[in-house]
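The first residue in the sequence is number 1, and the count goes up from there.
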Amino acid sequence: MEGSGSPRIARGDLLAFLALVVLAAALFQDALLGGRAFFERDVFAVWLSQIEAFRRAVRSGVWPVWDESVSFGQPLLANPNAQALYPTTWLALALPAWTTYSLHVLVHLLFGGLGAYALARRLLVAREAAAAAALLWVACGPLLSLVNVWHHLAGAAWMPWVLLGAEATIAGRRARTAVAWGLALAMQVLAGSPDFCVMTWVAVGARMLVVLIGSRQRWRVLPPAALASVVGLGLSAPQWLATLDAVSRADPFWRERGMRILWALHPASLAQVLLPVRFDALAAGSSAEAALRLSDVWSPFLRSFHVGVVTLALVAVGVAAGRRRHALFLAALAAFALLYALG
């Protein structure tokens with residue numbers, strides 16, 4: 001088994017990258033080669049109007065701060081999911097909206113897969129196993145269900161890179177590595193998904209806690225971690241400062257308990273993790289009634305959260321045969337995420 005300490009790109013790394021490209025192209029060949037576009041749910045209901053407001057603002061020579069096209073106007077920069085400061089949003093100034101969105105999806109699937117591969121290599125996983133992990137991550141139901149929610153897709157794509165930055169900083173404790181980690185933190189904030197930011201930070205915080213408790217040189221990791229935090233907060237300040245200001249003056253809609261658990265999984269729906277079918281389609285009664293019973297809303301937030309028996313079996317083998325400290329930490333993190341998903 002080879003480690004991941006060397007920055008040299010080997011033939012196996014290139015093969016893994018090509019495999020990810022082929023998978024992403026195969027999953028969305030209609031958008032890439034068939035002349036079709038993503039245009040479902042929030043893409044046409046929210047994203048299209050936001051991107052047009054962004055275009056009008058920038059082309060008129062002003063910063064994309066306010067959207068005058070909705071009601072009496074609403075914040076644009078302060079709305080995280082508008083991604084006003086995110087790089088792929090600025091592609092819309094030169095490309096048609098449908099092309100911009102297709103590139104956004106394909107780039108983030110590929111980028112996230114590369115992050116998963118790099119993170120696995122950092123955890124001293126062999127290239128073949130790391131490539132399998134990246135491919136399974138890109139093809140899993142929960143990630144592909146985020147295609148119609150651009151900010152969550154981008155936030156998910158940055159998760160492995162933020163975790164990679166944490167692992168690299170813990171191992172090397174170098175200022176350069178900490179700055180790179182801070183850049184990843186900032187980009188995830190600019191991606192506009194507070195949900196994925198919080199989930200990632202919980203994972204990073206738990207990892208840092210394990211290091212502080214179990215390492216003899218525990219305190220040496222704090223200065224680079226602080227540097228990464230300063231870099232991340234500083235670079236993303238235009239986004240989170242504007243958002244906090246808007247939230248402080250907004251109606252506390254999401255403070256109601258019913259809204260907080262709106263998208264929680266029904267325990268009976270967990271069968272979908274193993275089976276590539278909608279469990280509500282197997283339930284007694286009409287599909288509409290079953291969907292309401294299992295999701296409490298007209299439509300579940302994720303179209304699929306199928307992971308697969310084979311994937312879970314491979315994970316179990318990895319936990320049993322991997323480095324004990326990492327395996328136990330990741331298993332505990334997965335258990336916590338599952339309980340949280342149940343509301």
TODO: Can you see which heavy atom on Gly232 is nearest to which on Leu185, and at what distance?
DONE: CA-CB, 4.3 Å
Task: Distance in Å, Ile170 CD1 paired with Arg122 CZ, rounded so as to fall on 0.5 Å steps - done: 10.0 Å
TODO: Check the pair Val307 / Val315 against side chain to side chain contact (heavy atoms under 4.5 Å, CB included), numbers first and verdict last.
DONE: CA-CA 11 Å; Val307 175; Val315 170; over 6 Å; no
TODO: Heavy atoms only: give me the nearest Ala31-Phe38 pair and the separation to one decimal.
DONE: CB-CE1, 3.7 Å
Open item on the list: For Asp195 and His151: C-alpha separation, side-chain torsions, deciding distance, then whether side chain to side chain contact (heavy atoms under 4.5 Å, CB included) applies.
Closed with: CA-CA 10 Å; Asp195 310 66; His151 57 306; 5.8 Å; no
Task: Other cluster members, Leu91 - Ile/Leu/Val/Met/Phe/Trp/Tyr, side-chain contacts below 4.5 Å - done: Leu95, Leu103
- [ ] Would you please name every residue forming a side-chain contact (heavy atoms from CB on, under 4.5 Å) with Ala242, sequence neighbours left out?
- [x] Leu77, Ala78
Donor-acceptor contacts under 3.5 Å from residues 333-343 side chains, at least two apart:
none

Task: Gap between atom CG of Asp30 and atom CZ of Arg36 - 0.5 Å precision - done: 5.0 Å
TODO: Following the transitive rule for hydrophobic clusters with a side-chain heavy-atom cut-off under 4.5 Å over Ile, Leu, Val, Met, Phe, Trp and Tyr, establish whether Val149 and Phe39 coincide in one cluster.
DONE: yes
Open item on the list: Please find the pair of heavy atoms, one from Val138 and one from Leu143, that lie closest to each other, and give the distance.
Closed with: CA-CD2, 3.7 Å
Task: Closest approach of Val105 to Leu153 (non-hydrogen atoms, all atoms of both residues) - done: CA-CD2, 3.8 Å
Open item on the list: For the backbone of Trp47 and the side chain of Trp150, can you confirm whether one donor and one acceptor N or O come within less than 3.5 Å of each other?
Closed with: no
TODO: Find out whether Val273 and His306 are in side-chain contact, i.e. whether some heavy atom of one side chain is under 4.5 Å from a heavy atom of the other.
DONE: no
- [ ] Kindly state each residue pair satisfying side chain to side chain donor-acceptor pair (under 3.5 Å) with at least one member in residues 92-103, sequence neighbours excluded.
- [x] none
Task: Over all atoms of both residues, closest heavy-atom pair of Leu235 and Ala186 - done: CB-CB, 3.6 Å
Task: Least distance between heavy atoms, Val125 atom then Arg121 atom - done: O-NH1, 2.6 Å
Task: His104 backbone acceptor or donor facing Thr88 side chain under 3.5 Å - done: no
Open item on the list: So does Leu15 get a backbone contact from the side chain of Arg127, meaning a donor-acceptor N/O pair under 3.5 Å?
Closed with: no
Open item on the list: Is there a path of hydrophobic side-chain contacts, each under 4.5 Å between heavy atoms of I/L/V/M/F/W/Y residues, joining Phe111 to Met199?
Closed with: yes
- [ ] Compare all side-chain heavy atoms of Leu330 with those of Leu123 and state whether any distance is below 4.5 angstrom.
- [x] yes
Task: salt bridge (charged side-chain N to carboxylate O under 4.0 Å, His left out) against Asp42, all qualifying residues, sequence neighbours excluded - done: none
TODO: Spell out, as yes or no, whether a donor-acceptor pair under 3.5 Å connects the side chain of Trp161 to the backbone of Ala116.
DONE: no
- [ ] Taking the six-membered ring for Trp and the full ring for Phe, Tyr or His, determine whether the centres of Trp137 and Tyr117 are under 6.0 Å apart.
- [x] no
Task: Those residues that, when tested against Asp67, pass side-chain contact (heavy atoms from CB on, under 4.5 Å) (two or more places apart) - done: Ala53, Arg56, Ser69, Val70, Gln74, Leu76
Open item on the list: Tell me if a side-chain donor or acceptor on Gln83 pairs with a main-chain N or O of Ala191 at a distance below 3.5 Å.
Closed with: yes
Task: Test item: Ser236 and Met187 side chains (from C-beta on) under 4.5 Å apart, heavy atoms - done: no
Open item on the list: Clusters formed by hydrophobic residues whose side-chain heavy atoms approach within less than 4.5 Å: which one holds Val310, and what are its other members?
Closed with: Leu136, Leu314
TODO: Name all pairs fulfilling the ring pair (Phe, Tyr, Trp, His ring centres under 6.0 Å) condition that reach into residues 55-95, sequence neighbours left out, sorted by first residue then second.
DONE: Phe54-Trp90, Tyr86-His108
Open item on the list: Do Ile51 and Leu48 make a side-chain contact, defined as non-hydrogen atoms from C-beta onward lying under 4.5 Å apart?
Closed with: yes
Task: Separation of Thr169 OG1 from Leu227 CG (nearest 0.5 Å) - done: 8.5 Å
Open item on the list: Holding to ring pair (Phe, Tyr, Trp, His ring centres under 6.0 Å), I want the full list of residues that pass it with Phe305, two or more places apart in sequence or in another chain.
Closed with: none
Open item on the list: Are Leu144 and Val22 connected into the same hydrophobic cluster when the rule is that any two of I, L, V, M, F, W, Y join if their side-chain heavy atoms are below 4.5 Å apart?
Closed with: no
- [ ] Can you tell me which residue pairs pass the ring pair (Phe, Tyr, Trp, His ring centres under 6.0 Å) test with a partner in residues 179-205, sequence neighbours excluded?
- [x] His152-Phe196
Open item on the list: Do Val21 and Phe17 make a side-chain contact, defined as non-hydrogen atoms from C-beta onward lying under 4.5 Å apart?
Closed with: yes
- [ ] Supply the atom-to-atom distance Leu114 CG to Leu109 CG, rounded to the nearest 0.5 angstrom.
- [x] 11.0 Å
- [ ] Tell me, please, which residues at least two apart from Arg55 pass side-chain hydrogen bond (donor to acceptor under 3.5 Å, both in side chains).
- [x] Glu52
Task: Cluster link Leu183 to Val107, ILVMFWY, side chain under 4.5 Å - done: no
- [ ] State the CG-CG distance between Leu23 and Leu27, to the nearest 0.5 angstrom.
- [x] 4.5 Å
Open item on the list: Could you walk me through whether Arg41 and Val46 satisfy the side chain to side chain contact (heavy atoms under 4.5 Å, CB included) test, starting with their C-alpha distance in whole Å, then the side-chain angles of each, then the deciding distance to 0.1 Å, before giving a yes or no?
Closed with: CA-CA 8 Å; Arg41 203 164 78 176; Val46 180; over 6 Å; no
Open item on the list: Just verifying a value: how many Å separate Glu167 CD and Leu124 CG, rounded to the nearest 0.5 Å?
Closed with: 10.0 Å
- [ ] Tell me whether Trp240 is reachable from Val230 by hopping between hydrophobic residues (I, L, V, M, F, W, Y) whose side-chain heavy atoms are closer than 4.5 Å.
- [x] no
Open item on the list: So Val210 and Arg207, do their side chains get closer than 4.5 Å, heavy atoms only?
Closed with: yes
Open item on the list: Which residues pass the side-chain contact (heavy atoms from CB on, under 4.5 Å) test with Leu18, not counting sequence neighbours?
Closed with: none
